[in-house]
Asker: 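Input: one structure, supplied below.
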Amino acid sequence: MTAALVAGLVAGYGIAVPVGAVATYLVSLTARTSLRTGVCAALGVATADGLYALLATVGGAAVAAALRPVLTPLRWASAVVLLVLAVRGAATALRQYRAHRLSTRSDPPPPSPARAFLGLLGVTLLNPTTVIYFAALVLGDGADDAVRPVQQGVFVLAAFAASASWQVLLATGGALLGRALTGHRGRLATALVSSAVMTALAVRMVA
């Protein structure tokens, strides 16, 4: 149970920490509207992460028996997927930092809290990296052992809680925290931290 809790927290923070377009919009939305709207939007992002974590755990349990003969190659493949995601995230952050790319698009009129939740939920669900990330973790870490539904639930809830806590932190930070995390150095630092987490998880799979 504790292992599932820790794994879910680590996985949730690993996918949530990078500050990209969605997080930048979340911070600016909170600054332009209200904390209530920002928290609703943050929970929309976290809900998408939780749904993908649920799909990954359910799918991983369903195909565990079929994958048992190829566990070792699969574990290495999953580790490679995580490493690729880590390298790509770090490389993108470094490239953007060096090029000093900032978004200059004007934001649409601020939505209501309900629309903010649904909008950020939809945008995050369209990100394929999230489901690939969780699927790689679950298949690489849990395909060789039967995972009880309770452990799956703990993993999913922990991943949701980790994502939600980070997204709400971004929302409640307001303009001051937003400038720090969505500036060039903040985006680079958070991307590198997330890449380090993914790399550590990949190494753990094959160690």
Asker: For residues T172 and L35, determine if any side-chain heavy atom of one lies less than 4.5 Å from a side-chain heavy atom of the other.
Answerer: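 Counting from C-beta outward, T172 and L35 do come under 4.5 Å.
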Asker: Under 4.5 Å between side-chain heavy atoms, counting indirect links through other Ile/Leu/Val/Met/Phe/Trp/Tyr residues: same cluster for L157 and V150 or not?
Answerer: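 L157 does not cluster with V150.
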Asker: Hydrophobic cluster membership, with links at side-chain heavy-atom distances under 4.5 Å among I/L/V/M/F/W/Y: are L9 and V154 in one?
Answerer: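 In one cluster: yes.
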Asker: About how many Å separate OG of S112 and CG of L118, when rounded to the nearest 0.5 Å?
Answerer: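 Here the interatomic distance stands at 8.5 Å.
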Asker: Does a donor on one side chain sit under 3.5 Å from an acceptor on the other, for S165 and Y13?
Answerer: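 Yes.
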Asker: Counting C-beta onward and ignoring hydrogens, is there a side-chain heavy-atom pair between F160 and T47 closer than 4.5 Å?
Answerer: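 Yes, side chains in contact.
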Asker: In Å, rounded to the nearest 0.5 Å, how long is the span from OG1 of T37 to CG of L26?
Answerer: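 Between atom OG1 of T37 and atom CG of L26 there are 11.0 Å.
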Asker: Do you reckon V123 sits in the same ILVMFWY cluster as V45, going by side-chain contacts under 4.5 Å, direct or chained?
Answerer: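 Per the 4.5 Å side-chain linkage, V123 and V45 are co-clustered.
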Asker: Might you point out which heavy atoms bring V156 and L54 nearest each other, and give the distance in Å?
Answerer: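 Looking at all heavy atoms of both residues, the closest pair is CG2-CA, 3.6 Å.
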Asker: For the CG atom of L125 and the OH atom of Y52, what is their distance to the nearest 0.5 Å?
Answerer: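 Spacing of CG (L125) from OH (Y52) equals 5.0 Å.
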Asker: V168 and A42: which non-hydrogen atoms are nearest, and at how many Å?
Answerer: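 The pair with the smallest heavy-atom distance is N-CB, 3.7 Å.
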Asker: Please find the pair of heavy atoms, one from A159 and one from A53, that lie closest to each other, and give the distance.
Answerer: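 That closest heavy-atom pairing would be CB-CB, 4.1 Å.
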Asker: Measuring from T124:OG1 to Q167:CD, what's the distance to the nearest 0.5 Å?
Answerer: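 Rounded to the nearest 0.5 Å, the OG1-CD separation comes out at 7.5 Å.
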